[in-house]
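Accompanying notes for the structure given below.
Just so we're on the same page: letters track the sequence lines, and every chain starts at 1. Only this structure's heavy atoms are used, side chains among them; waters, hydrogens and symmetry mates stay out.
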Amino acid sequence: MFDSEFWSINWALMQGFGSTLLLFSVTLVASLPLGLLVCFGSMSNFSPLRYATRVFIWVIRGTPLMLQVMIVFYLPGLAFGMPVENRMAAVLVAFIINYAAYFSEIYRGGIEAIPKGQYEAGQVLGLTDNQIFFRIVLIQVLKRILAPLSNEVITLVKDTSLARVIAVGELIRAAQDIVAQQALIWPLFYTGIFYLVFNGLLTLAFGALEKKLDYFKG
Amino acid sequence: MALLEVQALTKQYGKLEVLQGINFTLEKGQVLSIIGSSGSGKTTLLRCLNFLETPNSGKILLEGMPLFDGDSAAKTTAAEIRQKRLHFGLVFQSFHLFPQYTVLQNVTLAMDLQEKERAKQEKRKPNKQKFAQNLEKAKQLLKEVGLEQKVNSYPFQLSGGQQQRVAIARALALEPDILCFDEPTSALDPELTGEVLRVIRELRNTHTTMIVVTHEMDFAYHVSDKVIFMSGGKIEEEGTPQKVFDNPQSPITKAFVQKSKL
Ligand SMILES: Nc1ncnc2c1ncn2[C@@H]1O[C@H](COP(=O)(O)OP(=O)(O)OP(=O)(O)O)[C@@H](O)[C@H]1O
Ligand SMILES: [Mg+2]
């Protein structure tokens with residue numbers, strides 16, 4: 001069974017997985033901090049900014065990611081005569097915006113759950129708003145949001161398969177090509193194992209982080 | 001001159017007049033107890049002194065200098081408010097320790113962050129020696145509140161009484177001119193109130209100026225230099241503990257004192 005066919009299929013799937021991994025990691029690294037900015041916007045005391053941000057979040061969360069990917073890819077070409085050359089870049093932009101919106105809501109939930117007394121204790125100790133957020137509140141928020149965050153990250157792994165809608169060759173597309181061309185079914189199951197292993201590792205990582213933050217309560 | 005002078009201070013939440021013209025003075029080294037029924041505005045008064053709330057009118061003077069002046073139109077910046085706050089410390093009813101820091105770190109944090117902030121303003125590097133001093137100071141304070149054994153514990157590992165003593169050490173670390181307590185023992189089991197009140201008594205002996213909102217009438221009677229009884233957003237009666245508790249003039253005070261029978 002482990003003939004050259006197996007290895008060439010393996011190689012094709014690996015390449016697909018490479019795109020999946022790239023999409024996953026760049027989206028994560030960019031949307032986690034961007035989500036915090038969006039979150040600040042949605043909690044701003046300046047009401048125009050707050051409303052604008054909340055409408056933005058509503059639109060992004062209320063429409064399918066697949067549609068957003070298509071819009072980012074086709075809009076510049078069809079509306080402004082500047083077709084997008086780099087398909088992966090278009091997918092990344094759509095994913096980063098989409099996930100920033102989702103993460104921002106997770107952050108907001110976490111921040112709003114921190115007791116007011118934590119802020120006030122910081123204030124009466126003469127701390128600046130920045131110090132209160134970064135030195136007191138942030139890690140408590142992180143501890144609270146770890147579970148929803150890990151759900152969202154695992155969803156991201158699976159969402160990467162949407163990139164194929166504009167013909168980016170991620171893992172599922174690679175598998176489907178093989179199935180269609182070579183009439184083999186096992187690569188589909190094999191592909192499933194890629195996702196399972198990857199998500200398994202992520203679950204372990206989140207578990208380790210949770211354990212690390214277990215040293216305090218609250 | 002009085003250390004603290006509060007003049008005609010008012011505070012409204014919407015239509016509700018929570019403070020209706022509060023006047024009092026406090027001398028350096030004195031202990032002022034504020035008593036009164038629920039909703040009379042005691043917490044609001046402390047929060048105004050600590051700039052957690054902005055009064056609607058009136059004045060707060062510290063050694064004659066206005067910290068708050070309701071008549072002045074000048075805007076105060078966040079940095080100015082931070083400076084003003086440092087004249088006061090506040091110990092909350094429910095402690096509000098920072099859960100992710102050890103007892104020792106809870107006490108050093110604000111001192112260290114202030115050094116960092118000052119360094120940033122003055123465009124210099126934070127002074128390492130200062131951090132070492134802060135650490136020593138924190139250890140000393142924790143020893144004074146009887147917690148030298150607990151410096152490396154986290155707040156969740158402590159009893160309520162211990163947590164409140166950490167909160168007191170944390171407030172003392174910044175050397176406020178006036179230390180305020182908002183019902184420091186109300187969240188504690190009865191058997192734990194003693195250890196916290198003992199610490200406050202000891203502070204009195206070292207001439208720390210304090211304002212204590214309390215329902216512990218016995219404590220107010222024996223520890224205060226001055227007692228204020230608040231009712232409905234006003235000061236109904238004030239004076240020495242003997243005057244307020246043993247010989248109250250106002251019928252409302254009389255009723256309150258009788259109810260809380262010493
Ligand atoms: N943020 C707020 N918004 C609206 N009303 C408030 C607010 N804070 C306090 N109040 C009201 O102001 C009044 C005085 O409250 P305050 O907390 O100062 O009373 P207190 O004397 O400390 O009472 P207690 O003994 O129960 O602690 C109450 O009627 C309360 O409902
Ligand atoms: Mg109160």
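Atom OH of B/Tyr13 has more than 12 heavy atoms from other residues, nucleotides or ligands within 6.0 Å.
Highest contact tally toward chain A, considering only B/Gln100, B/Met111, B/Lys116, B/Gln83, is held by B/Gln100 [criterion: heavy-atom pairs under 4.5 Å].
Applying the salt bridge (Lys or Arg N to Asp or Glu O under 4.0 Å) definition to pairs two or more places apart or across chains, none involves residues 79-96 of chain B.
Annotation: residues 126-145 of chain B contacts chain A through no residue [non-hydrogen atoms, separation under 4.5 Å]. Using a 4.5 Å cut-off between non-hydrogen atoms, the part of residues 43-56 of chain B that approaches chain A consists of B/Arg47, B/Asn50, B/Leu52.
Checked against B/Glu122 for a salt bridge (Lys or Arg N to Asp or Glu O under 4.0 Å), the options B/Arg124, B/Arg118, B/Lys125, B/Lys120 give a single hit: B/Arg124. With A/Leu23 as the partner, the side-chain contact (heavy atoms from CB on, under 4.5 Å) test is satisfied by one option alone out of A/Leu92, A/Leu156, A/Leu162: A/Leu92.
Only the side chain of B/Phe92 comes within contact range of chain A, with heavy atoms under 4.5 Å apart. Contacts between B/Leu109 and chain A at a heavy-atom distance below 4.5 Å involve the side chain alone, from C-beta outward. With a threshold of 4.5 angstrom between heavy atoms, B/Tyr101 approaches chain A through side-chain atoms but not through N, CA, C or O. Using a 4.5 Å cut-off between heavy atoms, A/Ile139 contacts chain B through its side chain alone, with no backbone atom that close. For B/Leu90, the parts lying near chain A are the backbone and the side chain together; criterion is any non-hydrogen pair under 4.5 Å.
Relative to the ring axis of B/Phe98, A/Arg135 does not place its NZ or CZ within 45° and under 6.0 Å from the centre. Under the 6.0 Å distance and 45° angle rule, A/Lys143 counts as a cation-pi partner of A/Phe216.
Between A/Glu170 and A/Arg173 there is no salt bridge, since none of the side-chain N atoms of the basic residue sits less than 4.0 Å from a carboxylate O of the acidic one.
For the pair B/Gln157 (side chain) and B/Tyr154 (backbone), a donor-acceptor distance under 3.5 Å is present. Distance alone, capped at 3.5 Å, places no donor-acceptor pair between the A/Tyr99 side chain and the A/Leu28 backbone.
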Just list the side-chain donor-acceptor pairs under 3.5 Å for residues 59-85 of chain A, sequence neighbours left out, or say none.
{"unit_1": "A/Thr63", "atom_1": "OG1", "unit_2": "A/Val59", "atom_2": "O", "d": "3.0"}
{"unit_1": "A/Thr63", "atom_1": "OG1", "unit_2": "A/Gln68", "atom_2": "NE2", "d": "2.7"}
{"unit_1": "A/Gln68", "atom_1": "OE1", "unit_2": "A/Asn98", "atom_2": "ND2", "d": "2.8"}
{"unit_1": "A/Gln68", "atom_1": "NE2", "unit_2": "A/Ile60", "atom_2": "O", "d": "2.8"}
{"unit_1": "A/Gln68", "atom_1": "NE2", "unit_2": "A/Thr63", "atom_2": "O", "d": "3.1"}

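No close placement of the A/Phe198 and A/Phe194 rings is indicated, their centers lying 6.0 Å or farther apart. Between A/Tyr195 and A/Tyr190, the ring centre distance reaches or exceeds 6.0 Å.
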